[in-house]
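Please read the structure below before turning to the comments.
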Amino acid sequence: LPLMSQWLVEIAELRLSPSDFEFKHCLAWVEYHAIRHVIESWGDMDLLLMRDSKIHQIEKEVKKLRRIVNQACINAICKLFKTGVTRIERHPTVHSFRQEFAKTGRNRKSLRKLYHRHPLEMTQLFPIHLTTPEVICNLFEGRDECFDLLIFDEASQVELQDSATCLLKGTSIVVAGDEHQMPPSNYFKGSNDHLYEEDDEDEYTGADIEVESLLEFCQQQPHFHSRFLDFHYRSHHPYLIQFSNRAIYSRLVVRPSTLTYKPIQLLDVQGTWENQHNLDEIDEIIRTLREIDVPAENPPKVMIATFNVRQRTEIIRAIEEAKVDQAFRDHITPLEEAGLNVKNLENLQGDECDILIISIGYGRTPTGRFVRNYSLINRKNGYRLLNVLVTRARYKVIVLNSIPREVHSQFEQELTSGTQERWSRGLLHGYIQYAQAVSTGDENRMNRILDILQSNSLKEDARQQPTDEAFESPFEEEVWN
C-alpha cells in the first residue's frame, strides 16, 4: 500500500505524461485496485467487521487514495483540455464552421449534412460523442471505423438490430452491461406490430440470430473478451447488496462498514389494492417524506420506486396535493432540488439515490381477496427488474409492503419450484422477509434467509422455460387491467 500511495503521488505531480495517465492509469482502474488491495490485505472479512479501529484505518487510507487520484485526474484533464482548445483554435475549418452555425432558417445546414460533408473534421473538433447508436449511424452513414474507441453502456437494454451497424463505427469496441439487469423494453411493441407490413415476395430465408440484447450477442462472440467488475461500489452498508449478491452474483467484494444504523426499514402497511394502485401506501409515502431528515447542506437524493405506472402517477399527484401545506412544501423543496423522483420498475436502471422508497403496492382487494399477479415480476426476467430495484440505494431502503405475511412467508418453496417465473416471485417474497429481518434487527433470521438464497441461487441452465404468456407486452397487460 505505501508503494501504491507513492506511485499515485508521482502521478499527481504529473511526472507521467497526460497521455500515459489517460490510457494506462484511469481513475476507475486505480480506485478499484487500490480499494480491493486494502480490503484483501486484512484477511478474514468476518473478523474484520469486529475490528472498528482497523476499519477506520482502511477508510482513512481509501479516502487519502481517492483524493490523490482525483487531483491527478484534474491536473491531467486540465492540461489535455488546454492542449485541445489550442488545437481546435488553429484548425483550418473552425472559421467556416462558425459561419455555418451562425446561419438561421433555411440557409442553415442540418447537423446531419455537416457530418456527411465533413466527417473527419467533425470528429477532430468533437473527439468525444455522447449519443445513441441510431444517431451515430445517421451521422456517419456509409462510413466505418469513425472512432478509435466505441463504448456501449447498459448494453443489456440495447437490441442487436438497433446497434449492429453501429459496431462497425469503432476500431475498438467496449460493451458494458449486466446480464442480470434490465432486458430491452418491449412496452409498446405488442401494440405497434401491426404497423409493419411483411412483403411475402421478398421473404428472408437465412438463419435468425436469436439473442435478446447486444450484450448477449457479444458474449457469444469469441473475439469479445469478458471482464467482470467484482468490487461493489454503490452501497455504503453491506446489507444493501448482500441480498442480490447471495441470490444472483455470488462473487461481489463488498466493502466493510462501521455504520451501525439499520439500512433497510420495512413498513408493513397492509393497504388495499384497488384499480391498480394502493392509496394506503401512498399516504404512508407522504408521511415518510415528512420524516426524512433534510440537512441545510447536501440534502439526500430520494427516489420513490413503484411496480406499475398507475401507482407512480398517484404518488406524484399526492405529493403535489400535499404541497398545499406550506410546511411540507418548505420541507420537500430541498429534496426536489437534490433530485427527488418517482419511477416505475422499467425506468430505474442507471439511476441511484441516497434513500430509496419502494412502494410494492400489491395487497388484498376491497373484498379481502389476494392474487399473486405481480405483472413484470411474474415474467421470465422478473428477477432482473427486482435486482435493479433493490440495488439503487447508497444508504437506505424503505420498503412499503401490503402483501400478506402468509403469502411472502412461502418464499423458500417458490425458490425451489424449478421455474424461473416462480423463482422470481419467490425472490420478491424473500426480499420482504429479508427487509423485515433487517428492520427488526433479527440477524439470525437474516442470515438464515441469506443461506436459503445461496442454496437456491440463480442457475439459468436449471430453470425451466416459461409457459406461454397471455399478453404480448406489458403495455397490453396494463391496458387490460
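The figures that follow rest on heavy atoms only: side chains count, while hydrogens, waters and symmetry mates do not. Computed from a predicted model, the values in this text were never measured in an experiment.
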**Message:** Going by side chain to side chain contact (heavy atoms under 4.5 Å, CB included), name the residues that satisfy it together with Gln265, two or more places apart in sequence or in a different chain.
**Reply:** Leu267, Lys396, Ile398, Ser439
**Message:** Working note: Tyr395 + His237, criterion ring pair (Phe, Tyr, Trp, His ring centres under 6.0 Å); need CA distance, chi angles, decisive distance, verdict.
**Reply:** CA-CA 7 Å; Tyr395 293 99; His237 197 291; over 10 Å; no
**Qualifying residues under salt bridge (charged side-chain N to carboxylate O under 4.0 Å, His left out), relative to Asp325, sequence neighbours excluded** = Arg290
Just distance, no hydrogens or angles: give the donor-acceptor pairs under 3.5 Å from side chains in residues 291-300, sequence neighbours left out.
none

**Listed partners of Thr367 passing side chain to side chain contact (heavy atoms under 4.5 Å, CB included), at least two apart** = Thr365, Arg369
**Fill in**
Hits for side chain to side chain donor-acceptor pair (under 3.5 Å) against His232, two or more places apart or cross-chain, chain-then-number order -> Ser235
**Asked** Can you name the residues that form a side chain to side chain donor-acceptor pair (under 3.5 Å) with Tyr239, not counting sequence neighbours?
**Response** none
**Item:** Partners passing ring pair (Phe, Tyr, Trp, His ring centres under 6.0 Å) against Phe411 (at least two apart in sequence or in another chain)
**Value:** none
**Request:** Ignoring hydrogens and angles, state whether a donor on the side chain of Tyr434 or Gln242 is under 3.5 Å from an acceptor on the partner side chain.
**Result:** yes
**Request:** Apply salt bridge (charged side-chain N to carboxylate O under 4.0 Å, His left out) to Glu314 and list each qualifying residue two or more places apart in sequence or on a separate chain.
**Result:** Arg310, Arg317
**Prompt:** Do you see a donor-acceptor pair shorter than 3.5 Å between the side chains of Gln433 and Ser409?
**Reply:** no
**Request:** With sequence neighbours excluded, give me every ring pair (Phe, Tyr, Trp, His ring centres under 6.0 Å) pair touching residues 269-296.
**Result:** Trp273-Tyr362
**Complete:** Taken in chain and number order and not counting sequence neighbours, the residues that satisfy side chain to side chain contact (heavy atoms under 4.5 Å, CB included) with Arg227 are His225
**Message:** Checking Val407 now: which residues fulfil side chain to side chain contact (heavy atoms under 4.5 Å, CB included) with it, not counting sequence neighbours?
**Reply:** Phe370, Arg372, Tyr374, Ile403, Pro404, His429
**Item:** With sequence neighbours excluded, residues passing side chain to side chain donor-acceptor pair (under 3.5 Å) with Ser424
**Value:** none
